[in-house]
Each structure stands twice: as structure tokens, then as C-alpha cells.
Number of protein chains: 2
Amino acid sequence: MSSEQPVKKRISESTIHRLSMYFRTLSLLQKEGYETVSSKELARREKLTPAQVRKDLSFFGSFGTRGLGYDVIELKAKIGEILGIDRVWKVAVVGIGNIGSALVSYKEFTRQGFKIVKLFDNDQRKIGSNHKGIVVSDIKNLEKEIKEDGIEMIILTVPATVAQYMVDDVVRAGVKAILNFAPINLKVPPDVYLRNENMSMELEYLSFAIRNNHTPKNMK
Amino acid sequence: MSSEQPVKKRISESTIHRLSMYFRTLSLLQKEGYETVSSKELARREKLTPAQVRKDLSFFGSFGTRGLGYDVIELKAKIGEILGIDRVWKVAVVGIGNIGSALVSYKEFTRQGFKIVKLFDNDQRKIGSNHKGIVVSDIKNLEKEIKEDGIEMIILTVPATVAQYMVDDVVRAGVKAILNFAPINLKVPPDVYLRNENMSMELEYLSFAIRNNHTPKNMK
DNA sequence: AATTTCTTGTGAAGCATTTCACATGAAAAA
DNA sequence: TTTTTCATGTGAAATGCTTCACAAGAAATT
């Protein structure tokens, strides 16, 4: 029996991203030895308004104490629950090129509960090689191994030319969440979540900002 | 004498990101041999509304022909100008760890006009080593070499613990744009543009989406 | 040449997000 | 115990962004 609370309102992407930011800052506050934190202080650290912080949290419940603020450990746990990172997610990396193999050792993933447990590639020279203790599997066994290992998320770091084929394979294996690094618009069924990580876009934003003397409200 | 047109309205971050997407899709359309494209077709490919596409462009001028659409090559050039990628930007990577060295061979940067011309690290074992034809410099020479080479953007891929020191150095060297990969809130002077690339955040979004059966309007 | 078809560019409307402002209640101080 | 201080939680207002809907203009068709 599930005690899952359905989210009443439609939560915006921005709110979710800010929750991620709060979570990270709360970890830091915890390390720094703070027991409580106010929306004002949290806002200061994230360059937001206190009202924004309180509103974001209010979509999910009331976690604070008037006159005092939020309990750091408790709020961190609550946000972890909301984000679904109060557990470990098994992740596979498909495409062990430069970016793919770099991500295998990306500490921040582990820290937030994403455990890379499997690597796939189609290159015979890479298959069987070891990256941080994980042996690269043949992409041919993708469906079988993903199911066996109960992998729920995929990081896709293959060339754009083959990305769609890989997505189709991954979807066939039952995966519902894909983080795509290829600069291409991929098609997925409606029940599969797809996010695109496009690092070049961020440099383009910087380029635009310099050229236009841009002053946005929320340079994230 | 500059013929630069100041941007009248405040342009939203979303609009800039969509311009980047249009630019990429226009390159593809060009390769596919299309001479013109309508807002409808562009919208279909990006999963947006045609009105959104037209509105985005309208902030910067009118580039289309009624009844016909946009000239692919011309529009691509215009957006390139707007984004400031109608030229080559010299970029340096600071921190040649896993991510840093992976980014040196990231083709998409080159494709969009970002040329990595210098690498910096503080590790004696890395200094002098060669990555795709670029020799890693000692971080001690950062200010001098950045000025000499006319580097305008920095990709920062150092551990979070030293990121702020590196930013301070980079700012001192006169750099006005930084793309930061360290999961930490950095401080920069108001005239320096800072973007944070946080790959873990995207996985957290996926985690949230799965847990909450989230159906947002614009899964970007 | 006139008509039809198509698609842009853009005010206005509709929606979404952020900020304001204050009632509420808890803790600290007197 | 009473008063003061502080900070949350939240409707309402303000702001921002997206979509609608249509006039206008260009090309294609008759």
C-alpha cells in the first residue's frame, strides 16, 4: 500500500530546480553546523526573495516554525522526499566516449543518490574495459541487462546520429527517464521523461549576454 | 562605427534558449536542403506553438515573408548575430579533470563558435600534458596568458572547494563570462556573467517527475 | 488582373509565476 | 505572565510569459 501524496497543483519546472538548489544549500548549512535557517537566509544564498522560497515550499506543505525558521535537517529530508532522492536510483550510461566516461566519476551524481551501475557501448575496443570498477557491456545486451539490474534512468552520451536508435532501445527496455547529451531533438513515448543537457546552449547564453549587455532577473 | 542595435525589451532567458534551439534546427534544415521554413514547421520540430516562434523572433525584428515563411540561411545568420555566435569566441578550460578534459573534445562547442584555446591546471602531473593539441598551462600563469591570448570566456571544471579562488583569479584577468560546473554558488562582480551547469539537477528533475507523475507543459 | 491561399507580425487576452503584505503563531525577552 | 520580536504561510496584486486571433502583405492560382 502506497502512502504517496499526490501533488495538488501543477508544479513549475523552476520550482523543482529551486528545490534542488535548496537541497544542496541545506547540505552545506548542515555541514556548517546550522540547526535552523530562515527563508531570508536561504534566499540570500540563492539570490532569490524570501517569499519565493516560502512559496516554493508551500506547494508541498508547511515545514517551518514561525519566529524560528526551518529545521535544516528536517527540511533537507522533506525536500529529498519531494524530489525523490531519498533513495538510490540505478543509472546506466550509454555511450562511453569522452563525456560518458567523464560522468562515471562525477561525484555529484553519487552525492545526490544517483548510482551509475552499468555502462554500454557498441565499440569492441571499449567493451570489456573497466571504468571506476564498472566493465563496459555490449550495447546488444542493453535490454536484457537493464531489466536484470532494475535500471530506471539512462544517461545518453552517444553521437547525435545514433541517439534516436539508442533511445528506442532504451524505451523498449522499459526505462522511463532519459538524460540526453546529444544535440538533437529526440522522440519518446508520452510516458517517458526526457531531459536535454546542452552545454553549448549555456555558452550561447553567455555570448548573448556579453553582446547585448543583458541584465536578466534570474541569471540562474 | 558600430551598427549594433540595442535590444529594446527585456528578453527572457527562455527566449534566448529557444533561439539557440532554432539556430541548431536551422542548421539541420539547411543540411536537409530546405530553402524556407514556416513558424509552423519550426514549432513542430521544437514542440512549441507557431506563435511562440514568431513572438521570439519579433523581439529582434521581422525576418520573414508573409505567405512564404523564413529563408533558412538568412534566419540562421540573423539568429547567429543575435546570439553573438557569428564569430569565434576564445575559451579556456580551467581544471583538467574528468569533465574538463572531456569538454576539450566536445564538438558542439566548436560547431557553435566556441574555440577552446587554452587549458589550465595546478597539478604538476597535468601541466605540460597534451589534450587534442593543447598543452596544459600552469594555473599560476592564468592572468598573464588569458590577457595575452585575448580569452573572453572560461569553462570552470575545478573542485567546488577551490572554485571561488579560481573565479577570483579569472575575474582579475578581465574575463566577463564564466560557465561553472562546480556545484556551488559562486560570487562574481555585477559586470561578470556567470552560468551554472548542474548536471545532477537534471537527474533530480527526472526523479521528481517519475515520483510525482509530473506532466509539465514544457519538458525542455 | 483579380482572387485565393498562405503565413507573418503583433496587440490583446489568457495564464503562470513572482512579489507583496499581513494575519498568525511561536519563541524570546521583559 | 505579558509583551515584544521574529518569521512563516498565504490570499491578493503585480509582473511576466504564452497563446489567440486577425489585419496585412506576399505568392500562387485562376
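The structure displayed is predicted, hence computed values, not measured ones. The chains referred to below are lettered A, B, ... by the order of the sequence lines, with proteins before strands, and numbering in each begins at 1.
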With sequence neighbours excluded, what pairs up with [X] under the salt bridge (charged side-chain N to carboxylate O under 4.0 Å, His left out) test?
X      : value
A:R18  : A:D56
A:E108 : A:R24, A:R111
B:R66  : none
B:E41  : B:R44, B:R45

Tell me, which of residues 45-56 of chain B have any heavy atom that sits under 4.0 Å from an atom in DNA chain D? B:T49, B:A51, B:Q52, B:R54, B:K55
Does anything in residues 35-42 of chain A reach DNA chain D, meaning a heavy atom under 4.0 Å, and if so which residues? A:S38, A:S39
Of all residues at least two apart in sequence or in a different chain, which pass the side chain to side chain contact (heavy atoms under 4.5 Å, CB included) check with B:A182? B:A160, B:A163, B:N180, B:I184
For A:E143, enumerate each residue passing the side chain to side chain contact (heavy atoms under 4.5 Å, CB included) test, keeping only those at least two apart in sequence or located in another chain. A:K147, A:R172, A:A173
Sort me out a list of protein N/O and nucleotides 1-4 of chain D N/O pairs below 3.5 Å, or just none if empty.
none

Residue list, ring-ring contact (aromatic ring centres under 6.0 Å, His included) with B:F23, at least two apart or on another chain: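 B:F23 satisfies ring-ring contact (aromatic ring centres under 6.0 Å, His included) with no residue once adjacent residues are dropped.
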For DNA chain C, what residues of residues 63-71 of chain A have any heavy atom nearer than 4.0 Å? A:T65, A:R66, A:G67
Which donor-acceptor pairs under 3.5 Å do side chains of residues 80-91 of chain A form with protein atoms, sequence neighbours excluded?
from, atom 1, to, atom 2, distance (Å)
A:D86, OD1, B:R211, NH2, 2.9
A:R87, NH2, A:E152, OE1, 2.6
A:R87, NH2, A:E152, OE2, 3.4
A:W89, NE1, A:G84, O, 2.7
A:W89, NE1, B:S207, OG, 3.1
A:K90, NZ, A:D149, O, 3.0

